[in-house]
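A short write-up of the structure that comes next.
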Amino acid sequence: MHWRVSSLISCGVAAVAALLGTVDAAHAAMMPPAPARAGLTAVQAHCSACHRETAPGHFDRISEERKTPEGWAMTIFRMQNVHGVRLTQKQLRTIIRYLSDVQGLAPSEIRAGRFALERRPNHPILKLPYNLPVMCGRCHSLARVALTRQPASEWRKLINFHVGQFPFLEYQDGSRDIRWWKIASTQLPAELAKLFPLHSAAWRQWRNRPRADLAGEWIVHGDTPGRGDYYGTALIKRKSWDRYGARYVLHYANGAAFDGSSDAIVYTGFQWRGTGTLGGKSVHEVYFASANGARIGGRWFLDGHAEIGGDWDAARIAGAAKVMAVIPGALKAGTRQRVIVVGRGLRGGVDLGPGTTARIVARRPYGLILSVRVNAHAAPGYRTVRVGGVWKSDLLAVYRRVERLEVQPAFAIARLGGGTLAPVDAQFQAIGYTNVVGAHGKVSAVRLGAMPVTWSVEPFNAEAAKREDVRFAGTLNQDGLFLPAEGGPDPKRRFSADNTGDLYVVATRKTGKTAVVGKAHLIVTVQRWIHPPIY
Amino acid sequence: MNLKFVLPVLLAGLLAGCGSVLSPGHARRDFLVTGAAPDHLFVINPRTQKVVSDFTIPGAHDYVSVIVPSPSGKVAYVLVNRTRSIAGINLRTGKEVFRANLEQPGERVTCMYAFDVTPNGKELIVYVYRTRLEIDQYRVQAPRFLIFSTTAGLHAKPLREFPAPRRVQMILAKHDGRSFFAIGFNLYEYDLRTGRLIERRGILNWHRPHHLRPDMLAFWPVTEPTGIFSSPIYSTLVGPGTPPGGVPETSLLTLNLHDGHLAYHDIGRTNALIFSTVIGPDRRWAYGAYTQLTKIKMDGTHWRVADRVTLPHTYYSVNISPNGKEVYVGGTMCDVIIYDARTMREKGDVQLPGCADQATATLRVIERR
């Protein structure tokens with residue numbers, strides 16, 4: 001029955017897709033919403049002693065909240081650590097899966113806080129109205145707030161919990177000069193409920209929607225700051241209703257293997273959470289499938305070092321012809337090099353635009369391997385990449401010289417390690433730009449992507465120079481990765497200070513006698529003592 | 001030699017000598033008290049620069065913080081157990097003589113660092129936050145002042161309770177024994193017997209010309225040897241001669257516990273004094289701790305930084321000997337340094353056994369009689 005329903009729906013989706021002029025979702029079989037029995041039984045067994053089941057399947061407090069799987073995991077973690085709930089790993093997973101499915105968030109409700117789930121480092125906190133930046137944003141990225149949905153009564157209980165559990169929050173810098181409790185206990189719950197209510201049309205529609213079967217062959221590309229772009233294929237197999245296994249055959253731009261595999265649970269029908277390996281390292285995957293199951297995108301990161309990871313973009317191997325990426329994304333005039341055009345259905349000849357000559361070396365499931373020669377006098381600027389009848393105009397640029405370097409992130413925070421705490425590293429990359437003179441003499445910058453550069457650090461100001469922050473705070477390697485020093489008092493420093501630092505991270509690219517320099521600001525600060533899945 | 005002249009000189013010398021030996025008023029009997037994780041209460045003799053007692057506080061649960069000595073110097077009341085208990089420890093024997101476990105059935109009660117003992121040593125005034133723990137939710141309750149008898153033993157229950165404002169950080173008993181001060185958004189004064197609010201003034205509403213609303217957070221209730229509490233308080237100076245946005249300025253707040261006089265004096269740009277200060281016995285010098293030891297000249301209305309020396313590391317807590325000759329810095333890590341108050345030269349560095357971490361423990365000076 002299960003398969004018959006999904007194949008029927010699959011046919012329906014294919015028909016609709018054909019009507020809309022796209023066949024992207026043709027292979028995305030659809031399945032019914034989550035089976036709930038095991039999860040409901042587990043919640044009844046382990047949660048209902050305190051959270052009364054007031055109606056079948058409706059539990060005090062629990063049923064008044066909606067969250068991400070990470071949000072539920074954090075709540076249950078607290079129940080285990082503070083309130084003595086005992087669960088096996090299997091029971092824990094069952095409850096998280098159940099609650100994420102029946103009280104989760106719709107894709108549109110995740111958008112604003114997705115960066116936090118993906119553990120993107122140095123991401124600015126969310127901009128939220130009212131006085132939420134002061135009331136909540138002093139400790140949270142505000143993604144934690146934006147990834148929770150509940151009525152005012154529950155927001156009020158959450159605020160009461162905060163003061164009960166962390167009474168000193170009223171004494172912290174930023175709250176001690178305002179009437180924090182008065183604001184928190186009167187106007188704040190209603191403001192939060194207005195922004196992030198329990199009930200929403202998006203969730204009503206999403207909850208009962210058939211979910212995509214993500215099994216199949218996929219084309220993948222992405223980039224790893226510090227290592228560059230990668231590409232290849234993924235084979236995803238469905239193991240059970242919401243569990244998948246995946247094998248990745250990937251390469252870096254220079255052809256080096258970056259293979260891997262993963263086991264994943266897909267929560268709420270679209271939230272892929274995988275654990276596996278990539279390039280021989282243990283990684284976690286936080287990906288999101290599109291509603292029609294035709295795309296999977298997100299970020300993977302190293303186990304224990306969430307700040308180190310890469311973007312991930314996957315599209316089904318079958319579907320309408322499409323150019324997805326060009327690796328590398330910038331070619332220097334007067335050179336010949338290997339270029340990968342990542343895409344599907346790439347049949348016919350290839351053309352990379354004026355001043356270039358491209359020869360197809362090999363056709364692969366993920367696209368084309370080209371040998372490209374760029375004329376020494378080729379004009380700098382973007383090129384339209386054409387393969388057969390498909391084209392894309394913003395994926396490739398030609399340049400003669402790099403005229404500007406922009407170090408990203410422009411402002412970063414690294415944290416000292418020490419003892420049982422791993423440091424939080426900071427990965428930089430130098431994005432090159434060249435200038436193009438347009439029709440009316442207007443100069444515009446063309447982005448060339450990450451460039452190889454020489455990396456160094458400098459004191460950010462005179463005070464940092466006096467403190468010798470460059471000497472003490474850590475080291476920057478030639479991949480642009482800053483590795484912080486150990487935390488704790490350092491007797492070699494003035495005041496036995498911690499090895500904190502205020503630095504410039506400097507990228508230098510020399511061509512002949514000229515050098516282009518880019519700088520970013522790096523704060524190396526104290527350890528982070530807690531590592532919640534959502535800050 | 002004319003005996004008529006020699007005798008008085010000899011006598012005077014003898015008397016003076018006898019006096020210094022015999023008169024208990026002239027012999028220094030002051031000791032330092034500090035605490036450290038996980039459960040230490042130390043007594044230090046500053047003359048020998050040795051730890052003379054290392055007591056264990058029962059049920060400290062890896063947390064030793066604010067220390068308030070009794071007026072007699074015989075007992076130290078210590079905030080322990082992650083702010084949920086106050087233990088009274090006899091400073092001669094190390095025996096626990098008082099214990100208030102603040103938690104109640106179904107209610108989490110934490111002392112927000114703010115408590116003091118009355119001048120007669122008979123009562124403890126404790127400021128608490130309360131949260132009711134219900135089956136599936138927490139309910140924040142209004143804060144309270146709890147008054148305990150110091151003779152209540154090891155299962156002390158409050159004698160009296162009064163409603164209290166939120167966000168109080170310091171309790172200081174007034175020396176007339178009739179009222180106490182609470183420092184929070186404002187300086188509040190309450191009747192010790194009835195809990196009636198007598199007066200509310202100052203602090204965040206200090207209304208000083210050219211000064212923006214200040215910031216203050218002090219958890220070191222040091223009032224010895226003068227009976228004047230002092231603390232850095234931070235603001236921004238605006239107006240004529242200042243750049244746009246103003247300049248950060250540190251002032252010293254003083255509260256005289258004898259008469260309730262509250263004053264603020266600017267001492268300079270905010271750069272090297274963060275945590276605590278103490279007023280010297282002659283009321284001409286104050287000292288403050290952070291990564292540097294700062295000496296402040298209290299010259300009429302014009303107070304200024306007179307000297308500053310670099311400390312080996314951060315120190316949270318500062319204190320001074322009753323004669324004003326030695327300044328002590330402690331807290332934070334595992335040593336207490338003794339400085340000559342006049343020259344600001346180091347006289348000794350007392351290492352605590354096992355390098356016990358003092359963290360927010362208050363460094364107090366007691367006088368044994």
Side-chain angles (χ1 to χ4, degrees), chain A residues 47-54 59-65 75 78-79 82-83 85 153-186 463 467 488-498 500 526, chain B residues 82-84 107-114 127-143 165-170 183-185 203-205 212-219 234-235 271-272 290-293 309-315 332-335 355 357 360:
Chain A
C47 311
S48 67
C50 297
H51 301 288
R52 287 177 310 146
E53 188 173 11
T54 50
F59 301 87
D60 275 346
R61 301 217 58 191
I62 299 172
S63 301
E64 298 295 315
E65 301 173 16
T75 300
R78 181 158 50 80
M79 293 300 145
V82 180
H83 299 297
V85 173
S153 56
E154 279 300 315
W155 282 113
R156 183 170 288 111
K157 286 174 188 172
L158 182 69
I159 292 162
N160 274 260
F161 154 75
H162 270 71
V163 177
Q165 191 75 355
F166 312 107
F168 292 102
L169 67 80
E170 279 185 80
Y171 291 72
Q172 291 169 344
D173 184 19
S175 64
R176 65 173 170 258
D177 61 339
I178 58 173
R179 303 277 175 177
W180 192 95
W181 173 250
K182 191 176 176 192
I183 299 166
S185 58
T186 54
E463 193 59 31
R467 288 191 308 254
D490 184 343
K492 294 195 291 296
R493 291 199 92 170
R494 192 171 181 230
F495 313 133
S496 296
D498 230 323
T500 53
V526 295
Chain B
R82 307 204 169 268
T83 70
R84 294 176 193 180
E107 191 166 286
R108 178 175 293 168
V109 185
T110 57
C111 170
M112 304 304 286
Y113 284 84
Y127 173 76
V128 294
Y129 262 28
R130 300 150 59 234
T131 304
R132 283 209 63 76
L133 308 180
E134 299 183 357
I135 187 76
D136 68 349
Q137 66 171 303
Y138 291 12
R139 273 186 214 271
V140 173
Q141 308 292 300
R166 297 198 74 81
R167 222 229 70 192
V168 164
Q169 66 198 51
M170 182 83 62
I183 296 176
F185 288 112
I203 315 286
L204 290 192
N205 301 321
L212 298 185
R213 202 169 135 105
D215 181 28
M216 174 187 169
L217 187 71
F219 290 128
Y234 308 97
S235 178
N271 54 10
Y290 173 40
T291 50
Q292 289 164 305
L293 176 62
V309 295
T310 295
L311 298 171
H313 60 83
T314 297
Y315 293 80
T332 324
M333 289 166 67
C334 61
D335 65 333
C355 198
D357 182 3
T360 56

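Just so we're on the same page: letters track the sequence lines, and every chain starts at 1. Note that these values count all heavy atoms, side chains included, but never hydrogens, waters or copies made by symmetry.
- For B/R139, the CZ atom is loosely surrounded, since the number of other residues' heavy atoms within 6.0 Å does not exceed 12.
- Heavy-atom distances place the side chain of B/F219, and not its backbone, under 4.5 Å from chain A.
- Among all heavy-atom pairs drawn from B/T310 and A/F495, the shortest one is CG2-CE2, 3.3 Å.
- Counting heavy-atom pairs closer than 4.5 Å to chain A, the top residue among B/Q292, B/R108, B/M112 is B/M112.
- Top candidate by heavy-atom pairs under 4.5 Å with chain A, chosen from B/L204, B/I135, B/T131, is B/I135.
- Contact annotation for A/I178: only backbone heavy atoms (N, CA, C, O) come within less than 4.5 Å of a heavy atom of chain B.
- Looking at A/P167, the atoms closer than 4.5 Å to chain B (heavy atoms on both sides) sit in the backbone and in the side chain alike.
- Here the closest heavy-atom approach between residue A/V82 and residue B/Y138 is recorded as CG1-OH, 4.1 Å.
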Mind running side-chain contact (heavy atoms from CB on, under 4.5 Å) on A/V163 and B/R166 for me, showing each step along the way? CA-CA 12 Å; A/V163 177; B/R166 297 198 74 81; 3.7 Å; yes
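- Heavy-atom distances place the side chain of B/R213, and not its backbone, under 4.5 Å from chain A.
- Here the closest non-hydrogen pair linking B/H313 and A/S496 is CB-CB, 3.8 Å.
- The candidate with the highest count of non-hydrogen atom pairs below 4.5 Å against chain B, out of A/R52, A/R494, A/Q165, A/R156, is A/Q165.
- Of the atoms belonging to B/M216, it is backbone heavy atoms, and not side-chain ones, that fall under 4.5 Å from chain A.
- Side chain of B/R167 to backbone of A/R176: a donor-acceptor contact under 3.5 angstrom is found.
- Taking the six-membered ring where the residue is Trp, the centroids of B/Y113 and A/F168 are separated by under 6.0 Å.
- Per-residue counts of heavy-atom pairs under 4.5 Å with chain B were compared for A/C50, A/A49, A/S175; the largest is that of A/C50.
- Among A/K157, A/H83, A/R61, A/H162, the residue making the largest number of heavy-atom pairs under 4.5 Å with chain B is A/R61.
- Only the backbone of B/T314 comes within contact range of chain A, judged by heavy atoms closer than 4.5 Å.
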